[in-house]
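Protein chains get the first letters and strands the later ones, always in sequence-line order, with residue 1 at the start of each.
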Amino acid sequence: MTNDTNEKESLDFIRHIVAEDCKSGKWGGEVVTRFPPEPNGYLHIGHAKAFGIDFGVAAEFGGRCHLRFDDTNPTKEEREYVDAIQEDIRWMGWDWGEHLYYASDYFGQMYEYAKELIRKGLAYVDDQTPEQIRRGRGTLKQPGVESPYRDRPAEESLDLFQRMKGGEFPDGSRVLRARIDMTSPNMNLRDPVMYRILHATHPHTGDAWCIYPMYDWAHGLEDSIEGVTHSLCSLEFENHRPLYDWFIDAINQGRTDDGSGEWGKTIRHPQQIEFARFNLTYTVMSKRVLRELVEGGHVSGWDDPRLPTLRGMRRRGYTPQALREFLSRVGVARFVSTVDLGLLEFCLRDHLNKVAPRVMGVLNPLKVVITNYPEDQEETLEAINNPEDESAGTRQVPFSRELYIEREDFMEDPPKKFFRLTVGKEVRLRYAYFITCTDVVKDDDGNVVELHCTYDPATRGGDAPDGRKVKGTLHWVSAKHAVPCETRLYDRLFTAEDPMDVPEGGSFTDNLNSESDKTVTAMVEPDVADKPAGWRCQFERNGYYITDPDSQLGKPVFNRIVTLRDSWAKIKKKG
RNA sequence: AGGGGAUUGGUGUAACGGUAGCACGAAUGGUUCUGGUCCAUUUAGUCGGGGUUCGAAUCCCUGAUCCCCUGCCA
């Protein structure tokens, strides 16, 4: 790449800011970001956008990105997710090196900071019930009222807080609150809860604690402690930023850069930048709704190939490269976008076209007998593995007297633009011979059950020496050599662009696509029999497929990743 | 007594007061042993109304619409 070809690379607004900061030396040229998932569920494509920004920005500016589990609520978090999340991020191609952290590792430090705020008169222990606190908070349009415990002496709060930690009080009996402003128009600043009592075993810290920090108190401190420079998150945390700022400023009150003051050295104040999430047409992304799909049995599990979870997409056969390309095309902005599923499909096809070996597989077989082909003769023909990649080489495909072709590739009564097989017409069998249909065999109900054709031996390999052309080329498979394969023709999970858009009283489950997981037995050329799970290929003229983990040696199970573009379907639809 | 954000072709995203561009989609044509790929052409946009300015998607005022905020969730 030469510099003089540079169409000036256009940066999204976050990279703009980071680039500016690097130029101005705001953080000494340092860039530290982080991805802070709560280990309480599986990651989906929306998360992949977020951590793609976090890891991507760090990588592009020579910085680093931490993976930090935001495990401040032991009642909702599980070890299993810690492992699953790491697996998914790695699969997407990102790496945090040794920078794997847990918010719970900082509980001790946060506890010290909390006591400091109490001493400074900036936090207090509140004895009100949850209900009283809720009512005291006021509403969006009504100011809150101050807690009767708000002005209790710092010494008393300190004592109570330490005893909260000591386990003297039951869950829900007391909380530590920040002393900010009960009349703030920003609800987050109406004396938010910093600590609650939770006698629960934590997946990472065990029983070491019975008080746990709230997200809002903890999050900014986690970033600060880790030396994060740019704290990138989604839009809904914008309203919380003033609170994070307040907490850091409160801790820094009385601190100095050289640590000479009463409270020691100032702590880092990372810059939070918010960006918008996105929606994908014909799918759902909210954790709650995904859970409903899984638990309601509408899908087979969190790795159902129709789900936008990273596990689901992985099983479906989506490639991380395509997903990354997709996310980069989605971009980063402050507007909640609805991205066309078609864009994702484009990225998938674009990548798979370059890397997926071709194979012939017949999904809906119709038997063809080549009547002038010797009864017990068979031969192999050379086929190109990938016309987009010469290095993929060629393979030998067996041919014999009885074949399967796609039922849709034959019509007795074809419309004008039908280039495929019909009685009396000649087509090419890909890499094999020209054939002409002579007879149609039907059952008692008049259904076509078999075709009789003749072949032209001179066209071996698929070219006519006399130069005559045929309009259609069909894929096929030798009947006696074909491997019957369970093949799952996955399609979009919902029939509606926005599945959550339902009439009064309806449910998003009404929009479920009943055709989204049709299974057929495809006849596939014999080469595929010994492929391991996770092998991707293109069924020529049809789509891209991957062998599912359910595959057994000799018995592959295929998942459809995405269909090929189908301009014949468009012509048909137009009539 | 409410506050915080946002709005550019059908979709996504650029243009930091100076030619509204790119991509997906759609349409048309070409190439082709995949009705795939590839190539070419076309399509279509600054939320409305005022203002500032030589010049506004960009700045100001105003209106509309959408999103977020009343967990001891994150």
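The distance from atom OH of Tyr244(A) to atom P of A74(B) is 10 Å, rounded to the nearest whole Å. Distance CZ (Arg137(A)) to C1' (G3(B)): 16 Å, rounded to an integer number of Å. A straight line from CG of Asp181(A) to C1' of G3(B) spans 13 Å, rounded to a whole angstrom. Atom P of nucleotide C73(B) and atom CZ of Arg288(A) are separated by 19 Å, given to the nearest angstrom. Distance CG (Asp566(A)) to C1' (U34(B)): 11 Å, rounded to an integer number of Å. As rounded to whole Å, 21 Å separates atom P of C73(B) from atom CZ of Phe69(A). As a whole-Å value, the separation of Ile14(A) CD1 from U13(B) P is 13 Å. If you measure from atom CZ of Arg277(A) to atom C1' of G12(B), you get 19 Å, rounded to the nearest angstrom.
Across all strands shown, U8(B) forms no Watson-Crick or G-U wobble pair with both distances under 3.5 Å. Base pairing of A1(B) is not made with any nucleotide, judged by Watson-Crick or G-U wobble geometry with both donor-acceptor distances under 3.5 Å. Pairing of C72(B), defined by two Watson-Crick or G-U wobble distances under 3.5 Å, is not identified with any nucleotide. Across all strands shown, the partner of G25(B) is U43(B), judged by Watson-Crick or G-U wobble contacts whose two distances both fall under 3.5 Å. When both pairing distances are held under 3.5 Å, U52(B) makes no Watson-Crick or G-U pair with any nucleotide shown. Across all strands shown, U58(B) has no partner, as no Watson-Crick or G-U wobble contact with both distances under 3.5 Å is found.
G71(B) has its base syn relative to the sugar, with a glycosidic angle deviating from 0 by at most 90°.
Residues Asp216(A) and Phe335(A) each lie close to RNA chain B; by heavy-atom proximity, the contact nearer the 5' end of the strand is made by Phe335(A). Across the interface with RNA chain B, nearest-nucleotide mapping of Asp463(A) and Pro130(A) shows Asp463(A) to be the residue nearer the 5′ end.
Using a 4.0 Å heavy-atom criterion, one finds that Tyr212(A) contacts no nucleic acid atom at all. Using a 4.0 Å heavy-atom criterion, one finds that Arg134(A) contacts the sugar-phosphate atoms exclusively. The residue His475(A) sits apart from the nucleic acid: no heavy atom pair falls under 4.0 Å. Ile571(A) comes within 4.0 angstrom of a nucleotide base, judged by non-hydrogen atoms across all strands. At a threshold of 4.0 angstrom between heavy atoms, the contacts of Val330(A) are confined to the sugar-phosphate backbone, with no base atom among them. Glu388(A) comes within contact range of at least one nucleobase, with a heavy-atom separation under 4.0 Å. Nucleic acid contact class of Phe539(A) (heavy atoms, under 4.0 Å, all strands): none. Within 4.0 Å of Val470(A), counting heavy atoms only, lies no atom of the nucleic acid at all. If you check every strand for non-hydrogen atoms under 4.0 Å, Asn73(A) touches sugar and phosphate atoms only. Within the nucleic acid shown, Glu406(A) has no heavy atom closer than 4.0 Å to any nucleic acid atom. Residue Ser567(A) is in sugar-phosphate contact alone, with no base atom involved, counting any heavy-atom pair closer than 4.0 Å across all strands shown. If you check every strand for non-hydrogen atoms under 4.0 Å, Gln538(A) touches a base. Within 4.0 Å of Leu343(A), counting heavy atoms only, lie sugar-phosphate atoms of the nucleic acid but no base atom. Base engagement by Phe237(A) is indicated by at least one non-hydrogen atom pair under 4.0 Å involving a base atom.
For Trp476(A) and Phe399(A), the gap between ring centers is short of 6.0 Å. In this structure, Phe335(A) has its ring center at least 6.0 angstrom away from the ring center of Phe275(A).
At A74(B), one or more side-chain N or O atoms of Thr72(A) fall inside 4.0 Å of OP1 or OP2 (strictly under the cut-off). A sub-4.0 Å separation between OP1 or OP2 of U11(B) and a side-chain N or O of Thr281(A) is absent. Within the 4.0 Å cut-off from OP1 or OP2 of U37(B), at least one side-chain nitrogen or oxygen of Arg565(A) is found. Here Lys570(A) reaches the OP1 or OP2 of A26(B): one of its side-chain N or O atoms lies under 4.0 Å away. Contact between the side-chain N/O atoms of Arg334(A) and the OP1/OP2 oxygens of U13(B) is not found at any separation under 4.0 Å.
A gap of 9 Å separates the C1' atoms of U58(B) and A15(B), to the nearest Å. Here, G63(B) and U7(B) have their C1' atoms 14 Å apart, quoted to the whole Å. Nucleotides U65(B) and U32(B) are separated by 49 Å at their C1' atoms, to the nearest Å. With C1' as the reference atom, A23(B) and G9(B) are 12 Å apart, rounded to whole Å. Taking atom P in both G18(B) and G55(B), one finds a spacing of 14 Å when rounded to whole Å. Annotation: U41(B) and C22(B) have their P atoms spaced 11 Å apart (nearest Å). Annotation: U42(B) and G21(B) have their P atoms spaced 13 Å apart (nearest Å). Comparing U43(B) with G3(B), their P atoms sit 46 Å apart, to the nearest whole Å.
Cation-pi geometry between Arg68(A) and Tyr101(A) is not met: the NZ or CZ atom fails to fall both under 6.0 Å from the ring centre and inside 45° of the normal. Figure legend: cation-pi geometry between Lys49(A) and Phe278(A) absent, as NZ or CZ is not positioned both under 6.0 Å from the six-membered ring centre and within 45° of its axis. Both the sub-6.0 Å distance and the 45° axial angle are not jointly satisfied by Arg428(A) relative to the ring of Phe434(A).
Counting only heavy atoms from C-beta on, Met187(A) has its side chain closest to C69(B) among G35(B), G71(B), C69(B).
Here the side chains of Glu540(A) and Gln538(A) are in contact, with some heavy-atom distance below 4.5 Å. Put simply, the side chain of Leu352(A) reaches to within 4.5 Å of the side chain of Thr319(A), judged on heavy atoms. With a 4.5 Å cut-off on side-chain heavy atoms, Pro37(A) and His47(A) do not count as touching.
Ring stacking holds between Trp568(A) and G35(B), with the centres under 5.5 Å apart and the planes within 30 degrees of each other.
With hydrogens and angles ignored, a donor-acceptor pair under 3.5 angstrom links the side chain of Arg420(A) to the base of G35(B). Within 3.5 Å, a donor on the side chain of Asn239(A) pairs with an acceptor on the base of C68(B), or the reverse. Side-chain N/O atoms of His16(A) and base N/O atoms of C16(B) include a donor-acceptor pair closer than 3.5 Å. Evaluation of atom-type donor-acceptor distances gives no pair under 3.5 Å for the side chain of Glu238(A) against the base of G3(B). Between the base of U70(B) and the side chain of Arg190(A) there is no donor-acceptor pair shorter than 3.5 Å. In terms of polar N and O atoms assigned as donor or acceptor, the side chain of Gln142(A) never comes within less than 3.5 Å of the base of U70(B) in a complementary pairing.
The side chain to side chain contact (heavy atoms under 4.5 Å, CB included) test with His204(A) singles out one residue from Phe107(A), Phe69(A), Tyr102(A), and that residue is Tyr102(A). With Arg150(A) as the partner, the salt bridge (Lys or Arg N to Asp or Glu O under 4.0 Å) test is satisfied by one option alone out of Asp127(A), Asp126(A), Asp191(A), Asp181(A): Asp191(A).
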